[in-house]
Every structure is written in C-alpha cells, then in structure tokens.
Amino acid sequence: MSGQSTTRTVPGSGGSGTARTGRTGQVLSNVAVALGLVLFLGGFAWGAVAYRPYTVPTTSMAPTIDAGERVLAERVDGGEVRRGDVVVFRDATWSNAPMVKRVVAVGGDTVSCCEDGKLTVNGKEIDEPYLPDDPMARSAVFPEVTVPKGRLFLLGDERSGSVDSTAHLTDAASGTVARDAVQARVDAVVWPMDGMLAEPAGFKTLGPLSTPGPLPSVLAAVVGGAVLVLAGAAYGPLAKRAAASRARSAAGSAGGR
C-alpha cells in the first residue's frame with residue numbers, strides 16, 4: 001500500500017465556493033433589508049412632516065374633489081400660494097372649520113365673472129377644464145373685484161353651490177382671505193385614489209404656477225423600501241431551498257458513479 005490518501009472530492013461540488021457565495025448573498029440580503037427599512041420609514045416620516053390629510057365634507061369642489069374624499073395637502077406658507085392652487089384655509093368670518101377652495105386671484109389682481117361664460121382675471125379669460133360640464137354648475141356671476149395686497153380671492157369648482165368669496169362680497173375685505181389664513185396646498189386625492197390634481201394651466205398667462213410637492217418622491221421611497229425589505233427577507237428561504245436542491249443533485253450524481 002502507498003502512504004497516499006485515497007480521499008476524493010466530488011467534481012463540481014464546490015463546497016468552499018458555495019459557502020462563500022452564501023455568505024455574500026446573506027450580506028447583500030441584510031443590506032437590502034436595512035436600506036429598505038430606512039427608505040420605508042423615512043418615506044413615512046417625510047410624508048408626515050410635509051403633508052396633512054383632510055376630508056372634504058361638501059361638493060363645493062366637485063368634480064375635482066367630491067364630498068367625503070380624502071386629500072393630502074402640503075404644508076406651505078401663505079406667501080407661496082399662487083393662482084390656480086387648491087388650498088386649505090381657516091377664516092373666522094367664513095367658518096370655524098378648515099375649508100378647501102381654489103385661489104383664482106391674488107393681491108393686486110382684478111377678477112370678475114363671466115364674459116363668454118369664463119372667469120376673467122386682469123382682463124384675461126381663464127380656461128378652467130376642471131369645472132363641471134353642467135353650465136349651471138359653472139355659473140357664479142359677480143362684478144369686478146380688486147383683491148387687496150396680501151389677500152386671496154377663492155372660488156369652489158362647483159361655482160353655483162359653493163360658499164366662497166362670492167358669498168362674502170359685502171364683507172369689509174370684499175370676500176377675500178388673508179394669505180396667512182392658508183394652512184396647506186392640496187396635492188392629491190388619496191381616497192379614492194384619483195391621484196395628483198391636474199395642473200391649472202389656464203392661469204399660466206398670468207404668471208408662474210406652483211410646483212407640485214414631493215408626494216411622488218415620498219411614495220417612491222415607501223414603495224421602494226417595501227420592495228427591498230421583502231426581497232431581502234425572501235433571500236433566506238430561497239437560498240435554503242436552492243442549497244437543498246443542489247445537495248440532492250450532488251448526492252444523486254455521486255450515487256450514480
């Protein structure tokens with residue numbers, strides 16, 4: 001007999017290589033779960049800081065927002081509000097509760113309705129595709145108003161049934177609301193999931209519009225984080241199943257020699 005060992009390695013078994021691959025996969029799995037948790041929780045925290053949820057109780061903003069629908073409104077300073085924005089505000093002379101209306105004119109503007117059935121701001125007719133199809137629901141005839149500096153003129157999209165600036169024209173401020181009464185700017189209807197509000201493009205002729213808030217990025221962080229967590233958590237069971245399958249295959253191959 002020779003003094004050499006007769007131990008053999010099954011070709012293709014790659015024991016040490018498989019172990020290294022398994023360790024690398026486990027590390028990547030842990031990284032994916034950790035990153036996913038950061039994105040998921042961070043997205044929720046970001047959304048909680050940037051947005052406030054509201055339920056709209058009336059049809060005054062239909063069809064843009066119907067009664068009972070839930071919206072997400074970005075917390076903004078009243079000085080950031082521009083024409084066309086749908087805002088949440090509170091004014092003691094209007095109501096003790098938050099109200100949701102559309103800003104159609106800002107300080108220094110002149111506004112009236114309706115020539116050719118359209119709202120007129122600073123002598124320009126405004127195209128408003130978000131209004132109801134029913135001509136009666138679009139009607140809100142009122143004389144020209146000059147909006148004082150630092151104030152806003154607001155209308156509901158369902159003009160005929162909305163208690164808005166037109167209902168307060170005889171007030172000292174001619175139906176306008178102070179900018180600092182604004183609490184937030186509505187970005188999206190989230191229940192039902194109608195999505196982001198359409199851009200009020202008709203006001204572009206009067207100046208720049210507001211930039212939408214970070215809601216798409218917030219949602220991307222939450223969804224992306226959830227995907228990473230689930231993918232990382234699924235690695236362990238999948239890796240064990242794959243290892244068991246390879247072991248059975250190797251055993252079968254060795255037994256057939």
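Sequence positions, counted from 1, serve as the residue numbers for this chain. Everything quoted here is computed from the prediction, not taken from an experiment.
- Across Ala184 and Ala73, no two heavy atoms sit closer than the pair CB-CB, 3.4 Å.
- Among residues two or more places apart in sequence or in another chain, the side chain to side chain contact (heavy atoms under 4.5 Å, CB included) test is passed with Val100 by Val56, Met61, Ile65, Val86, Val88, Val186.
- Every residue meeting the salt bridge (Lys or Arg N to Asp or Glu O under 4.0 Å) condition with Asp157, not counting sequence neighbours, appears here in chain and number order: Arg102.
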Before giving the answer on side-chain contact (heavy atoms from CB on, under 4.5 Å), spell out for Gln183 and Arg52 the whole-Å C-alpha distance, their side-chain angles and the decisive distance to 0.1 Å.
CA-CA 9 Å; Gln183 298 176 338; Arg52 296 180 64 178; 4.1 Å; yes

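- Within the 3.5 Å criterion, the main-chain N or O of Arg159 finds no donor-acceptor partner in the side chain of Ser162.
- Checked against side chain to side chain contact (heavy atoms under 4.5 Å, CB included), Ser160 has the following partners two or more places apart in sequence or in another chain: Ala137, Glu158.
- Closest of all the heavy-atom pairs between Ala167 and Val163 is CB-CG1, 4.1 Å.
- Thr110 places none of its side-chain heavy atoms less than 4.5 Å from the side chain of Val145.
- Phe142 meets the ring-ring contact (aromatic ring centres under 6.0 Å, His included) test with Phe153; sequence neighbours excluded.
- Scanning for side chain to side chain contact (heavy atoms under 4.5 Å, CB included) contacts around Thr58 gives Ser60, with sequence neighbours left out.
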Considering only distance and modelled atom types, tabulate donor-acceptor pairs under 3.5 Å from the side chains of residues 189-204, sequence neighbours left out.
residue : atom : partner : partner atom : Å
Glu199  : OE1  : Lys204  : NZ           : 3.3

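- The main-chain N or O of Asp164 is never found under 3.5 Å from a side-chain atom of Lys101 such that the two would form a donor-acceptor pair.
- Contact record, Ala140 with Cys113: O-CB, 3.5 Å, taken as the closest heavy-atom pair.
- Applying the salt bridge (Lys or Arg N to Asp or Glu O under 4.0 Å) criterion to Asp91, with sequence neighbours excluded, gives no partner residue.
- Across all non-hydrogen atoms, the minimal contact from Ser112 to Leu119 is O-CD1, 3.5 Å.
- Within the model, atoms OG1 of Thr146 and CD of Glu144 stand 5.5 Å from one another, a figure rounded to the nearest 0.5 Å.
- With sequence neighbours left out, the side chain to side chain contact (heavy atoms under 4.5 Å, CB included) criterion links Ala67 to Thr59.
- In this structure Phe89 satisfies the ring-ring contact (aromatic ring centres under 6.0 Å, His included) test together with Trp94, sequence neighbours excluded.
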Donor-acceptor pairs are to be reported for all side-chain atoms of residues 209-231 against protein atoms at under 3.5 Å, with residues two or more places apart or in another chain.
residue : atom : partner : partner atom : Å
Ser210  : OG   : Asp85   : OD1          : 3.1
Ser210  : OG   : Asp85   : OD2          : 2.7
Ser210  : OG   : Arg185  : NH1          : 3.3

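- Cluster annotation: Val106 is not connected to Val111 through the hydrophobic network of ILVMFWY side chains, with a link wherever side-chain heavy atoms come within less than 4.5 Å.
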Could you check Glu128 against Leu131 for side-chain contact (heavy atoms from CB on, under 4.5 Å), going step by step and ending with a plain yes or no?
CA-CA 6 Å; Glu128 298 183 279; Leu131 296 183; 3.6 Å; yes

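- In the hydrophobic clustering, where aliphatic and aromatic side chains (Ile, Leu, Val, Met, Phe, Trp, Tyr) are joined below 4.5 Å either directly or transitively, Val49 stands alone.
- A salt bridge between Arg83 and Asp109 is present, with a side-chain N of the basic residue lying under 4.0 Å from a carboxylate O of the acidic one.
- Atom CG of residue Asp187 and atom CD of residue Glu74 lie 5.5 Å apart, to the nearest 0.5 angstrom.
- Here the side chain of Thr55 pairs no donor or acceptor atom with the backbone of Arg70 at under 3.5 angstrom.
- If you take CG on Asp180 and CG on Leu152, they are separated by 9.5 Å, rounding to the nearest 0.5 Å.
- Scanning for ring-ring contact (aromatic ring centres under 6.0 Å, His included) contacts around Phe40 gives Phe44, with sequence neighbours left out.
- A salt bridge does not link Arg75 to Glu80: none of the charged side-chain nitrogens sits closer than 4.0 Å to a carboxylate oxygen.
- Expressed to the nearest 0.5 Å, how far CZ of Arg90 lies from OG of Ser95 amounts to 7.5 Å.
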